[in-house]
Amino acid sequence: MSAHVPIQIAAEVVAIKRVGALRQLTLTAPGVAELFRPGNVVSLVLPGGARLARRSYWVHRVSPVGPRGPSLELIVEPRGVAGSWLASREPGHQVAMIGPLGRPFAQPREPVTCVLVGDGVHAAPLVPLAERLRERGCVVHVLLAAPTEAQLAGVVDVRRFARSVQVVTGDGSIGARGGIADVLPELIARTAAEVVYAAGEVPAMHDVARIAEASGAWSQVGLRLDQPCGTGLCHGCPVPVAGEDGAPRTVRACVEGPVFRGDRVRWADL
Amino acid sequence: MSLDLTHPVLVAAGCGGTGRELALEGVGGLVTRTITLTARAGAAAPRIEESPAGWLRALGVPNPGLDQFLALELPGLVQRNVPVIVSIAAERPDELAELARRIGQAPGVRAVEVGVGAVLPEPTPAQLANVVETVLPQLPAGVPLIAKVGLAVPGVVGLARAAVAAGAGALTIGGGLPAAMRDGRPAELSGPAIAPVAMAALLRVRQALPEVPLLSGGGVTTAEDARLRLAAGATAVQLGAALLHDPTTAARLAAEIGEAR
């Protein structure tokens with residue numbers, strides 16, 4: 001049994017730009033960017049020594065080659081301790097990072113029709129996923145949801161790989177007013193999608209899993225959960241699942257996830 | 001039975017995942033997460049909260065149970081060439097005895113650690129002595145018993161004396177301090193915030209019991225911390241919460257601290 005030990009680096013901020021109310025950070029990530037697969041996260045450390053829990057972020061896009069070497073992008077909401085700190089980074093600043101971490105989205109062997117569902121800022125991993133699916137000959141339809149237009153992530157980038165992109169916002173500032181559950185059943189039916197991929201907060205992912213199952217589609221959901229150590233040591237990110245044998249288990253989002261088959265998560269216990 | 005450690009930097013119980021997730025080069029030993037007879041899912045989320053320079057944890061002993069541990073985890077750990085110390089716990093003496101017997105016979109187990117933890121959070125000296133007396137007869141001659149006596153000052157010396165009188169071959173002066181989550185659930189506080197308390201507990205036990213091998217945990221984060229504990233009489237240090245913040249701490253401190261004492 002070989003040990004899986006991820007790579008720890010001091011990532012340097014190359015660029016930071018505003019995307020609506022969000023920030024997109026580009027960081028050098030030698031060794032991490034090359035191993036990345038869509039659905040992976042990186043685990044970051046806050047400075048100062050007072051707050052010790054690490055913070056996990058979806059990897060958005062990676063660039064294995066570039067003028068500064070391998071780099072990756074994160075999309076950050078400038079809220080809370082970690083988000084505010086990251087949003088105030090400037091080029092040249094360093095961020096302690098471990099990655100890539102977690103089980104990525106499993107991709108189909110055959111070309112199939114897929115629906116990708118992004119919950120606000122957590123749409124970040126869906127852009128590279130859409131690109132990979134498209135390379136495999138899949139037809140990709142995308143649904144992006146957010147409270148307001150300013151909190152939407154990935155809209156422009158994902159268009160390059162998607163047959164269609166639908167947007168809903170809670171306040172109707174762009175697209176239809178509403179949420180994922182209001183439009184997903186019709187989208188799956190209209191596109192005859194066989195697989196639904198999604199990433200976001202637990203309530204939205206529960207909606208996606210429930211709707212996919214009712215529609216006869218497979219779902220893979222990337223759960224946004226606190227991952228205090230990010231590497232499987234602390235047992236602080238429990239996810240109740242049903243194993244392949246049907247037996248209930250509690251697994252770690254950081255190691256056995258963060259991407260799960262939607263029909264395997266015991267949502268009522270999460 | 002002496003512990004016979006090759007290096008004085010160990011990984012503490014409950015902070016090394018399954019062991020697979022951690023770089024262990026040069027480390028003197030890995031104490032596994034606590035294993036119970038049957039699998040336990042652990043506590044509901046949130047299990048972990050931040051406290052200044054510390055971690056609040058209410059985990060509830062998540063583990064795969066003895067059978068799964070012996071079949072799926074222990075063989076891989078033994079192959080890593082790191083001495084494996086298995087932490088065990090049970091509410092009932094018959095369960096504790098069965099755990100001790102089967103762990104003690106498993107190939108590659110260097111020692112067994114038992115005592116203060118989520119299953120027995122604040123024992124009396126008599127309760128801890130009972131635990132030691134239950135486990136000890138089940139272990140083969142070559143597998144020493146380490147009693148974890150916590151680090152709650154005062155009281156730690158009484159627990160330490162009771163455990164040694166009952167036959168423990170070494171003591172772990174470490175673990176978290178009794179604390180509470182924001183919602184009031186019982187928790188343990190660990191991390192650099194508790195290092196001075198752990199140092200006080202170590203010094204008191206060392207003074208009371210000059211000959212007993214002592215493993216010192218609680219807030220050890222840097223090589224300086226480890227050297228202070230060793231200078232204060234610890235046989236080895238146990239690294240715990242530091243790994244959650246930086247998983248490379250184990251191998252790094254092992255390299256910085258050098259040879260066994």
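Letters go in sequence order (proteins before strands), and every chain restarts at 1. Please read all numbers here as calculations on a predicted model, not as lab measurements.
Across all non-hydrogen atoms, the minimal contact from B:Gly54 to A:Leu52 is N-CD1, 3.6 Å. Across every non-hydrogen atom of B:Leu244 and A:Arg54, the tightest pair is O-CD, 3.5 Å. The nearest pair of heavy atoms linking A:Gln8 to B:Thr248 is OE1-CG2, 3.5 Å.
Residues A:Thr250 and B:Pro62 are not in side-chain contact: their nearest non-hydrogen atoms beyond the backbone lie 4.5 Å or more apart.
Of the two parts of B:Leu59, only the side chain, counted from C-beta on, holds a non-hydrogen atom closer than 4.5 Å to a non-hydrogen atom of chain A. Neither the backbone nor the side chain of B:Thr221 comes within contact range of chain A; no heavy atom of the residue lies under 4.5 Å from a heavy atom of that chain. Using a 4.5 Å cut-off between heavy atoms, B:Arg40 makes no contact with chain A at all. For a residue to count as touching a neighbouring chain, one of its non-hydrogen atoms must lie under 4.5 Å from one of that chain's; by this rule B:Ile48 touches chain A with the side chain only. Using a 4.5 Å cut-off between heavy atoms, A:Leu225 makes no contact with chain B at all.
Proximity to chain B among residues 226-238 of chain A is limited to A:Pro228, A:Cys229, A:Thr231, A:Gly232, A:Leu233, A:Cys234, A:His235, A:Gly236, A:Pro238, judged by heavy-atom separations below 4.5 angstrom.
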>> Evaluate A:Val255 against B:Arg20 for side chain to side chain contact (heavy atoms under 4.5 Å, CB included), listing each step before the verdict.
In response: CA-CA 11 Å; A:Val255 175; B:Arg20 280 197 299 274; over 6 Å; no
Could you list the donor-acceptor pairs under 3.5 angstrom formed between side-chain atoms of residues 104-121 of chain B and any protein atom two or more places apart in sequence or on another chain?
from	atom 1	to	atom 2	distance (Å)
B:Glu113	OE2	B:Thr172	OG1	2.7
B:Glu113	OE2	B:Gln238	NE2	3.0

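Note: A:Arg252 CZ to B:Glu21 CD = 4.5 Å, rounded to the nearest 0.5 Å.
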